[in-house]
Structures are given as C-alpha cells and as structure tokens.
Amino acid sequence: MTVTEPTAAPSGGLEPAGALPRELLVFEGARQIADGDCVIAGTGLPLLAGLVAQRTHAPSARLLIESGVVFPKVVPTPLSVVDPRIMHAPSKLGSLIESLGGFVQRGLVATGFLGGAQIDARANINSTWIERGSGRVRLPGSGGANDIASHCATIVVLTSHEKRRFPERCDYITSPGFLDGPGARRRAGLNPVRVKVVTDLCVMEGDDTEGELTVSALMPGVAIEDVLANTGFTPRVADHLDVVAAPSAEHLALLRDVLDPESRYFPERLKNGVTRD
C-alpha cells in the first residue's frame, strides 16, 4: 500500500480544514496512477484523481476519456464527457472506436477507473440492474465499463461504503472482476487484473491469484469494525492495516481552489463549513 505524499502542488486560499471523506477518495485514487501511465476515466471523482496525479507526482500521465477524447489538457471543471472543458487541446477528438477499440482493447491503457451500484466479494461490478422487493430496478448499464474491466491491467473503483453496495454476490455482473475465483478470468479468455476499491472507510484490493478482495488500509479515524459492519460479505483483512495518508495543505488547495473551486463535485464542503477566502 503506497501512502507516500506526491510532490509539491500550487497552494491556495482555503481556511484550514482537514480533507473530507470523499476528498480522500480522490487523493488515494490519484496515488494509483504512475507517471507515464495511460488512464481511462469519466467525469467526477475519477477525473479529479487523474488531474491531481498530473499536477503532482505524475505529470506525464495521459488521460483518455471514454467518449473518444484522447490525451486532453482538461480545463476545470467539466461536468460530463461531452463538456467542452474536457475536450481542451487533445491529441485527437475521436469516438468510442478510438478510446475502447484503439486503446483499451489493444491493451494500451494501464489503469481504468470504474463505478457501479454493486461490487461483490470477488470484485465483480454491477451497473445493469438490482433486485428490489419483488422486482428489478434498471440502471444505466455498461457503457464502456465491461471493455475496461476486461482489458485493463488495473481497475480502480472510487465509491461510498454502504452495505447494499457490497453484497456477497452481485445481482448481475456487468463488468468482470475475478468472476468466481482464482483462475476464472483465464478460463474465460480474459487477461489478469488487479483491482483496488477505495471507499470512504477503507481500501480493498486483490488480484487473480487471490480471487477476492482484502481490506489493506483504513481511512483516518476508521476502525476495521466500521468496515465489517458496512460490508455485505466478510472480507479478508490484511495482517497489517495501513492508514491512508491525508493530503497536505497544498494538495487540498489544489483540489479545492484550482480543480473544483465551485464545489461542483463536493457540495458537502458547504455543509461542513469549508469556505474560500
């Protein structure tokens, strides 16, 4: 588990305040990106994680947007994958064919950021439908998520930690994690994958050899009992649990003053009294 602090970032004019839980997700997500990586992400917290990485420890990381925007220089703060600010100065404005066919399916993307309504014990992701009462509730579906989970070497999920989000088994598998356990991806004709799930309570991770998720780190101030009580399965727990590093004041300022100055992705800042000078 890497908890080293990235290199210096611009400072800003925020009143002193610790990072909020969802802000911690962004910084821990950014730490999963190495300099030079090609990363595919949508808008929201994954995009912010990519931008934090580019402006701190991974200036040569390249962002790929699922809609076909190749290596843009993103202007804060885009609200969708068709927002002009996400299309600023790209290497190419393409389509799904370029992003999923030309990059992801050819194995050129190191890390893919995903989300979903359910993530189960074997890191499978459901974004298609969930059981509710006597019926089913339809969700947005795969988009490019299945391609990303099937072809990227590393998958990172940023999500809130709720018991209903972490069942023993997903109601439906939209995007494959470890399927039914060790060796299952190979039997299905898929490449190996490493999955890291970052929540507001902990970090869980695993690979094809293990075939299931293990709690490897806790967010500051969180006990393992909090994680277990809010998870619908009993995860493995590492012998030694790290504590996720809090960001420096400079990095908080980068996120709050530069990348999301209007708190479009963090409305809870206003409720928690995080204000700008």
Side-chain angles (χ1 to χ4, degrees), residues 1-6 14-33 44-46 48-49 52-53 56-57 111 113-126 154-168 170 177-178 194-207 210 212-256 260 263 265-274:
M1 174 68 193
T2 302
V3 293
T4 53
E5 197 58 32
L14 290 170
E15 295 178 359
L20 300 175
R22 291 176 67 249
E23 291 177 325
L24 286 172
L25 265 68
V26 169
F27 289 105
E28 186 62 13
R31 294 182 183 115
Q32 312 315 311
I33 300 172
L45 303 192
L48 291 175
V52 166
T56 55
H57 66 280
T111 302
F113 280 80
L114 293 177
Q118 293 179 325
I119 304 129
D120 68 21
R122 299 198 183 279
N124 301 304
I125 299 173
N126 176 18
T154 300
I155 297 300
V156 179
V157 179
L158 307 182
T159 187
S160 58
H161 204 124
E162 304 171 82
K163 198 165 190 174
R164 63 180 181 173
R165 285 185 179 271
F166 290 95
E168 179 69 34
C170 286
F178 313 130
R194 181 158 194 84
V195 178
K196 183 162 285 193
V197 181
V198 183
T199 80
D200 47 4
L201 296 183
C202 71
V203 177
M204 294 188 283
E205 57 187 292
D207 59 26
E210 301 157 349
E212 61 183 292
L213 292 171
T214 297
V215 180
S216 59
L218 300 174
M219 288 295 178
V222 174
I224 187 60
E225 291 77 14
D226 300 322
V227 176
L228 298 178
N230 287 281
T231 307
F233 58 90
T234 303
R236 291 181 179 181
V237 179
D239 293 335
H240 172 73
L241 287 173
D242 292 314
V243 176
V244 171
S248 66
E250 289 79 10
H251 295 152
L252 268 179
L254 168 65
L255 179 61
R256 293 173 175 175
D260 188 23
S263 298
Y265 289 116
F266 298 100
E268 64 267 36
R269 289 176 184 162
L270 303 178
K271 298 178 183 178
N272 286 274
V274 178

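For the side-chain contact (heavy atoms from CB on, under 4.5 Å) with E210, the lone residue among R122, E205, R236 that qualifies is R236. For the side-chain contact (heavy atoms from CB on, under 4.5 Å) with M219, the qualifying choice from V227, L24, L201, D226 is L24, the only one to do so.
Heavy-atom minimum distance, S160 versus T199: C-CB, 4.4 Å. When every heavy atom of E168 is checked against every heavy atom of F233, the shortest pair comes out as OE1-CB, 3.0 Å. Minimum heavy-atom separation, G177 to N124: N-OD1, 2.9 Å. When all heavy atoms of P46 and F113 are compared, the pair lying nearest together is CB-CB, 3.6 Å. Looking at every heavy atom in both residues, A238 comes nearest to S216 through CB-CA, 4.2 Å. When all heavy atoms are compared, the tightest approach of I125 to G115 is CG2-O, 3.5 Å.
Note: H251 NE2 to F27 CZ = 7.5 Å, rounded to the nearest 0.5 Å. Atom OG1 of T111 and atom CZ of R194 lie 12.0 Å apart (nearest 0.5 Å). Between the CG atom in D200 and the CD atom in E28 there is a gap of 13.0 Å [rounded to 0.5 Å]. For the atom pair CG of L241 and SG of C202, the computed distance is 9.0 Å after rounding to the nearest 0.5 Å.
When atom types are taken as modelled, the side chain of N230 and the backbone of E162 share no donor-acceptor pair closer than 3.5 angstrom. Although no hydrogens or angles enter the test, the distance criterion places no donor-acceptor pair under 3.5 Å between the side chain of R31 and the main chain of A53. The main-chain N or O of V198 is never found under 3.5 Å from a side-chain atom of H161 such that the two would form a donor-acceptor pair. Proximity of a side-chain donor or acceptor of D242 to a complementary backbone N or O of A217 within less than 3.5 Å is not detected. A donor-acceptor pair is defined here as one N or O able to donate and one able to accept, closer than 3.5 Å; no such pair exists between the side chain of N126 and the backbone of C170.
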side-chain contact (heavy atoms from CB on, under 4.5 Å) between L213 and V197, worked out: CA-CA 9 Å; L213 292 171; V197 181; 4.1 Å; yes
Working for side-chain contact (heavy atoms from CB on, under 4.5 Å), residues R165 and I119: CA-CA 6 Å; R165 285 185 179 271; I119 304 129; 5.6 Å; no
Candidate pair L255 and L48, rule side-chain contact (heavy atoms from CB on, under 4.5 Å), full reasoning: CA-CA 8 Å; L255 179 61; L48 291 175; 4.2 Å; yes
Verdict with reasoning, L228 to T231, per side-chain contact (heavy atoms from CB on, under 4.5 Å): CA-CA 5 Å; L228 298 178; T231 307; 5.8 Å; no
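Using a cutoff of 4.0 Å between basic side-chain nitrogens and carboxylate oxygens, R269 and E23 are scored as salt-bridged.
Looking only at side-chain heavy atoms (C-beta outward), T159 and F166 come within less than 4.5 Å of each other. Side-chain contact between V244 and L218 is absent, with no heavy-atom pair separated by less than 4.5 Å. Using a 4.5 Å heavy-atom threshold, the side chains of M204 and K196 count as separate. Side-chain atoms of L114 and V156, non-hydrogen and from C-beta on, never get closer than 4.5 Å to each other. Taking the side chain as every heavy atom from C-beta outward, V26 and F266 approach each other to under 4.5 Å. Side-chain contact between T56 and L254: present, with at least one pair of heavy atoms (C-beta onward) separated by less than 4.5 Å. T214 has its side chain out of reach of V237: every pair of non-hydrogen atoms, C-beta onward, lies at least 4.5 Å apart.
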